[in-house]
Amino acid sequence: MKRTDLSAWACPVARSLSRVGEWWSILILRDAMHGLTRFDEFESSLGIAPNMLARRLTDLVAAGLLERVPYSSKPPRYQYVLTELGWSFHPVMLALVEWGSKHLSPAGRAVQLVDKASGRPARIGLVDLETGQPITPGSHAMVAGPAADAVLKERFQSGD
């Protein structure tokens with residue numbers, strides 16, 4: 001089945017999914033954020049088939065989220081290191097951790113974010129960085145932006 005290329009869509013959700021919308025890719029990014037860098041480390045952690053892992057790593061490098069860096073010349077070996085763009089996915093990863101922990105973990109939190117200095121569990125949420133106010137459906141709304149195409153302008157004009 002051929003996948004639709006979402007990279008040229010005006011919608012930022014579609015464009016984001018074109019880069020990281022495959023679950024193996026997100027799990028690879030998760031593991032990279034926890035310090036894994038080598039093919040065999042990702043393979044062992046994820047239990048993923050080598051051909052699938054190779055494809056996903058190639059895609060993440062092509063998308064600019066990982067960089068392929070040699071660490072041995074004989075034999076040639078590479079590690080995969082998060083780029084600045086890859087690290088910028090960290091808040092999205094934290095949001096997935098929070099959502100999954102809150103709504104999909106009936107036994108309780110298996111993973112949580114803590115303040116390093118105090119050890120206190122952190123509360124993850126979105127705030128407006130200009131005002132410090134929480135972003136909620138009641139206080140903020142999505143609208144078509146300056147670069148919106150006709151489809152997005154119509155979508156947000158009709159309230160969908």
Side-chain angles (χ1 to χ4, degrees), residues 1-72 76-116 121-129 134-137 140-145 147-149 151-152 155-156 160:
M1 179 170 79
K2 186 169 170 41
R3 293 179 59 173
T4 301
D5 180 10
L6 304 175
S7 63
W9 288 30
C11 173
V13 173
R15 285 184 182 199
S16 298
L17 289 173
S18 75
R19 301 275 177 104
V20 296
E22 198 276 329
W23 66 77
W24 287 122
S25 297
I26 293 173
L27 293 173
I28 291 166
L29 290 172
R30 176 205 64 192
D31 283 356
M33 288 175 190
H34 289 113
L36 276 59
T37 60
R38 297 186 180 176
F39 190 95
D40 60 328
E41 293 174 329
F42 291 116
E43 185 180 23
S44 176
S45 172
L46 299 170
I48 184 174
N51 62 333
M52 178 62 73
L53 178 57
R55 268 197 308 269
R56 295 286 71 87
L57 288 169
T58 299
D59 290 347
L60 289 167
V61 168
L65 295 157
L66 293 176
E67 181 180 6
R68 188 173 181 238
V69 179
Y71 70 87
S72 171
R77 298 271 191 244
Y78 299 89
Q79 60 185 354
Y80 297 87
V81 179
L82 285 163
T83 63
E84 185 177 333
L85 181 63
W87 274 113
S88 71
F89 191 73
H90 191 248
V92 178
M93 193 69 69
L94 292 177
L96 287 170
V97 167
E98 181 66 18
W99 186 79
S101 293
K102 184 174 181 178
H103 299 291
L104 305 174
S105 297
R109 293 182 182 270
V111 175
Q112 62 184 5
L113 183 68
V114 298
D115 180 278
K116 286 182 178 182
R123 291 183 54 216
I124 300 171
L126 291 175
V127 297
D128 181 331
L129 294 178
I135 295 176
T136 67
H140 292 76
M142 298 291 286
V143 299
D149 64 7
V151 173
L152 285 177
R155 178 175 299 143
F156 287 106
D160 290 348

Any side-chain heavy atom of [X] sitting closer than 4.5 Å to one from [Y]?
{"X": "Ser101", "Y": "Gln112", "result": "no"}
{"X": "Val127", "Y": "Leu129", "result": "yes"}
{"X": "Glu84", "Y": "Glu67", "result": "no"}

Could you grab the distance from atom [atom1] of [X] to atom [atom2] of [Y], nearest 0.5 Å is fine?
{"X": "Leu60", "Y": "Glu22", "atom1": "CG", "atom2": "CD", "result": "9.0 Å"}
{"X": "Asp128", "Y": "Ile135", "atom1": "CG", "atom2": "CD1", "result": "5.5 Å"}
{"X": "Leu113", "Y": "Leu94", "atom1": "CG", "atom2": "CG", "result": "5.5 Å"}
{"X": "Leu65", "Y": "Leu57", "atom1": "CG", "atom2": "CG", "result": "11.5 Å"}
{"X": "Leu53", "Y": "Ser44", "atom1": "CG", "atom2": "OG", "result": "11.0 Å"}

What donor-acceptor contacts under 3.5 angstrom involve side-chain atoms of residues 25-39, with partners at least two apart or in another chain?
unit_1: Asp31; atom_1: OD2; unit_2: Ser45; atom_2: OG; d: 2.6
unit_1: His34; atom_1: ND1; unit_2: Arg30; atom_2: O; d: 2.9
unit_1: Thr37; atom_1: OG1; unit_2: Gln79; atom_2: OE1; d: 3.3

Ignoring hydrogens and angles, tell me if any N or O in the side chain of Ser105 forms a donor-acceptor pair with the backbone of Gly100 under 3.5 Å.
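Side chain of Ser105 to backbone of Gly100, a donor-acceptor pair under 3.5 Å: yes, one is there.
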
Side chain Thr83, main chain Leu85, donor-acceptor under 3.5 Å:
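Yes: the side chain of Thr83 pairs with the backbone of Leu85.
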
Give the intermediate values and the outcome of side chain to side chain contact (heavy atoms under 4.5 Å, CB included) for residues Leu46 and Trp24.
CA-CA 8 Å; Leu46 299 170; Trp24 287 122; 3.8 Å; yes

Looking only at heavy atoms, what is the nearest atom pair of Pro50 and Glu43, with distance?
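Closest approach of Pro50 to Glu43, heavy atoms only: CG-OE2, 3.1 Å.
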
Applying ring pair (Phe, Tyr, Trp, His ring centres under 6.0 Å) as the test, list every pair that has at least one member in residues 81-103; sequence neighbours left out.
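Qualifying pairs: Trp99-His103.
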
For Arg55, all residues meeting salt bridge (charged side-chain N to carboxylate O under 4.0 Å, His left out), sequence neighbours excluded:
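Residues passing salt bridge (charged side-chain N to carboxylate O under 4.0 Å, His left out) with Arg55: none at all.
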
Please say whether the positively charged group of Arg77, taken as NZ for Lys or CZ for Arg, lies over the ring of Tyr71, i.e. under 6.0 angstrom from the six-membered ring centre and within 45 degrees of the axis.
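Judged by the rule (NZ or CZ under 6.0 Å from the ring centre, within 45° of its axis), Arg77 is not positioned above Tyr71.
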
